[in-house]
Structure formats: structure tokens, C-alpha cells
Amino acid sequence: HLPRLSHGEPLFTVESQPCNFRTCPYLVRATLSGADLRQADLTGARLTKAEADECRADGATFRDADLFAVFFNRASLVGCDFRGATMNSVRLRRANLADADLRGASLFDVRFGDEDGPTVLTGSRLFGADVRKAWGSVVGPIDVGEDEPSLVDGEEMIAWFAAQGAPEVTLAPGDSQ
């Protein structure tokens, strides 16, 4: 049986039972494009290779989720909790991750936006995130502080990415400081 979306109940159900996001195989390669996932608790979800372009997931929790190769292009991910998530090879063209918490997340080989559609990272917390080999155009500032806020923007932000092993992250046009 395929999972059904249910309004006001657990996000997914299988045979009328809540789906355990850590073991539910039905979310691998799921199509969530345009879905309304605002405030959803997707802690530990296995959304490997899901298509979630243009989804609205503001305030959602993806803590410790497996988001390998998810397409979040043009998605609204404002204020999401991605702490400890595996986000390797995720696509984020024109995505808005303002105020997202990415501390300790693995963003290895993440594809941010391009000059025409940068990824908004304004206020996102990135301390301890693995951004090696990430590339593409971003808008800041970002918070790289461990315990206290430490905002970096412009060339300082690009230097931070380079020092973390992501020399191909670029500043979005018009975002220089």
C-alpha cells in the first residue's frame, strides 16, 4: 500500500497507521513537488532522491533526516531545522533557507543556485556543517558561530565557504558587502 496524505493527521499513513519516518521505504523517491509541509515533523525521515521542488516547508523539522539527492529547487524552507541531516547532493536552486538551522548537517556536494537564481541563506546557522565540494551562488549573511551569533557576509562569507572546502560557492550578484 502506498502512503496517503492526510490533513490534520500524521503526515503519512500506511494502512491507517502512522508511518515511522526512520523505516518507511515509501518516501524514497517520493514526489512532494508543490506540497505544503509547513511545520511538519520529518525527524529521521528517509526522503532519498525525493522531488520536492516548489514545496512550502517553512518551520518544518528535518532533524537527522536522510535527504540525499533531494531536489528542493524553488522551495521555501524558511526556519527549518536540518540539524544533523544528511543533505549530500541536494539541489537548492532559488530555494529560500533564511533562518534555517543547518548546524552539524552534511551538505557535501550541495548544488546551491546560480547567478539568476541564488540560494537564500540569510541568517542560516552553519556551524559544524560539512559543506565540502558545495557549489553555486548564495545570498547571506550566514551565522557561523558555535554558541554566540557570528554573522559573515560578502567576501568574508565566500572565504568561510572556501576554508570549509567549498571554493566554488560564489556570492550572488548584488549581495556584496
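The closest side-chain donor-acceptor pair between Asp41 and Thr61, if any, does not fall under 3.5 angstrom.
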side-chain hydrogen bond (donor to acceptor under 3.5 Å, both in side chains), that's the test. Do Asp66 and Thr86 meet it? Break it down for me.
CA-CA 5 Å; Asp66 182 354; Thr86 300; 5.2 Å; no

Could you please spell out the steps behind the salt bridge (Lys or Arg N to Asp or Glu O under 4.0 Å) verdict for Asp101 and Arg83?
CA-CA 6 Å; Asp101 193 341; Arg83 288 177 289 172; 3.5 Å; yes

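Arg111 is linked by a salt bridge (charged side-chain N to carboxylate O under 4.0 Å, His left out) to nothing, counting only residues two or more places apart in sequence or in another chain. Looking at residues two or more places apart in sequence or on another chain, you find a salt bridge (charged side-chain N to carboxylate O under 4.0 Å, His left out) between Asp130 and Arg132.
Paired with Leu77 under the rule side-chain contact (heavy atoms from CB on, under 4.5 Å), one option of Leu97, Asp58, Asn96 passes, and it is Leu97.
The two residues Ala65 and Leu42 make their nearest non-hydrogen contact at CB-O, 3.9 Å. Shown here for Leu92 and Thr119, the closest heavy-atom pair between the two residues is O-OG1, 2.6 Å. The nearest pair of heavy atoms linking Leu47 to Val70 is O-CG2, 3.1 Å. Residues Ser137 and Phe112 approach most closely at O-CB, 3.8 Å, considering heavy atoms. For the pair Asp116 and Arg93, the tightest heavy-atom approach, listed with the atom from each and the gap, is CB-NH2, 4.1 Å.
At least one donor-acceptor pair under 3.5 Å links the side chain of Asp53 to the backbone N or O of Asn73. Put simply, the side chain of Arg91 gets close to the backbone of Ser89: a donor and an acceptor are under 3.5 Å apart.
Note: Phe62 and Phe82 have parallel aromatic rings, judged against thresholds of 30 and 60 degrees for the angle between ring planes.
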